[in-house]
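The next block holds one structure in the form of structure tokens; read it before the comments.
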Amino acid sequence: MRKKIVAANWKMNMTVGESMAFMDTFLHELGADNSVEVVIVPPFTALAKVSEILSVGQQAKLGAQNMHWEKPGAFTGEISAPMLRELYVRYVVLGHSERRTLFGESDEIVNKKTRAAIDAALRPIVCIGETLSERDADKVEEVLDRQIKGSLAGVSARELVDVVIAYEPVWAIGTGRTATPQQAQDAHAFIRAKLAELWDSASAEKVRIQYGGSVKAQNAAELMGQADIDGALVGGASLDPRGFAEIVKAAARG
Ligand code: PGA
């Protein structure tokens, strides 16, 4: 049985002060239910404060939005895995479509980061997904196949089970246009079958695949009720502590 994982990707939002206010309300709303794994993914500047807040009670885990693959060194503006580890960061989002399209991250770069994260005992949340024109051209499976092979090259079956994959159709991110539960389930089933083909079916069954793209309290339960949808990567709707707590509760029911 895969434990559902719901992550709040705050993107470039939330000052330290706003993060503190969010956590106060969110942890209160969340209560003691730990049937779902919850990951808060603040901007780098708020990691230390959110880490401190989470050190009491541990109702949620901490994630980072990106990292560099190199060991510490002359890489102005970058953040390394040991820096994240020091703050008790457990997950790191890699290859988000905004990183891929706005900052030129290729599958090869995502692969280097994935490798470095695993080597540093951080769990990667590797994002994949097609654009609207790729979907319209019937290329969803081709794109997912290429991104899985490229981003996860060299990952062993033992390592794969700790990787989280986020299927995020680019046309659904921040647009209010969610994939239908069936569209999402079809893509997730394809991804799992591909993992079984490239690694093995026992490992593929253990990998958690999150859906991302305009997830909100109103659609979360139906999406996460699908057989191969094991959680959500939530952007816009994760900025509201009450709304995000509702999404976590929907995951617990799904
Ligand atoms: P959204 O973003 O929920 O605002 O669509 C999801 C994401 O980019 O992870």
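Note that ligands are numbered from 1 as they come in the structure, with each ligand's atoms numbered from 1 the same way. The structure displayed is predicted, hence computed values, not measured ones. The figures that follow rest on heavy atoms only: side chains count, while hydrogens, waters and symmetry mates do not.
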Among Lys149, Lys112, Arg100, the one residue meeting salt bridge (charged side-chain N to carboxylate O under 4.0 Å, His left out) with Asp107: Arg100
Pairwise, report which nitrogen or oxygen atoms of ligand 1 are under 3.5 angstrom from protein nitrogen or oxygen atoms, and how far apart they are.
residue: ligand 1; atom: 2 (O); partner: Lys11; partner atom: NZ; Å: 3.3
residue: ligand 1; atom: 3 (O); partner: Gly235; partner atom: N; Å: 2.8
residue: ligand 1; atom: 4 (O); partner: Gly236; partner atom: N; Å: 2.8
residue: ligand 1; atom: 5 (O); partner: Gly174; partner atom: N; Å: 2.6
residue: ligand 1; atom: 5 (O); partner: Ser214; partner atom: N; Å: 2.8
residue: ligand 1; atom: 8 (O); partner: Lys11; partner atom: NZ; Å: 2.7
residue: ligand 1; atom: 8 (O); partner: His96; partner atom: NE2; Å: 2.6
residue: ligand 1; atom: 9 (O); partner: His96; partner atom: NE2; Å: 3.3
residue: ligand 1; atom: 9 (O); partner: Glu168; partner atom: OE1; Å: 3.3
residue: ligand 1; atom: 9 (O); partner: Glu168; partner atom: OE2; Å: 2.6

Arg115, CZ atom: more than 12 neighbouring heavy atoms under 6.0 Å: yes
Exactly one of Glu70, Glu105, Glu108, His68 clears side-chain hydrogen bond (donor to acceptor under 3.5 Å, both in side chains) with Lys113, and that residue is Glu105
Okay, side chain of Asn111, backbone of Gly154: is any donor-acceptor separation there less than 3.5 Å? no
Using a 3.5 Å cut-off and no angle test, enumerate the donor-acceptor pairs between side-chain atoms of residues 202-212 and protein atoms at least two apart in sequence or in another chain.
residue: Ser203; atom: OG; partner: Asp200; partner atom: OD1; Å: 2.9
residue: Ser203; atom: OG; partner: Asp200; partner atom: OD2; Å: 2.9
residue: Glu205; atom: OE1; partner: Arg2; partner atom: NH1; Å: 3.3
residue: Arg208; atom: NH1; partner: Lys3; partner atom: O; Å: 3.0
residue: Arg208; atom: NH1; partner: Glu37; partner atom: OE1; Å: 2.6
residue: Arg208; atom: NH2; partner: Glu37; partner atom: OE1; Å: 3.1
residue: Arg208; atom: NH2; partner: Tyr91; partner atom: OH; Å: 3.1
residue: Gln210; atom: NE2; partner: Ile5; partner atom: O; Å: 3.0
residue: Gln210; atom: NE2; partner: Ala232; partner atom: O; Å: 3.2
residue: Tyr211; atom: OH; partner: Ala179; partner atom: N; Å: 3.1
residue: Tyr211; atom: OH; partner: Gly213; partner atom: O; Å: 2.9

Any sub-3.5 Å donor-acceptor pair from Gln147's side-chain atoms to Gly129's backbone N or O? yes
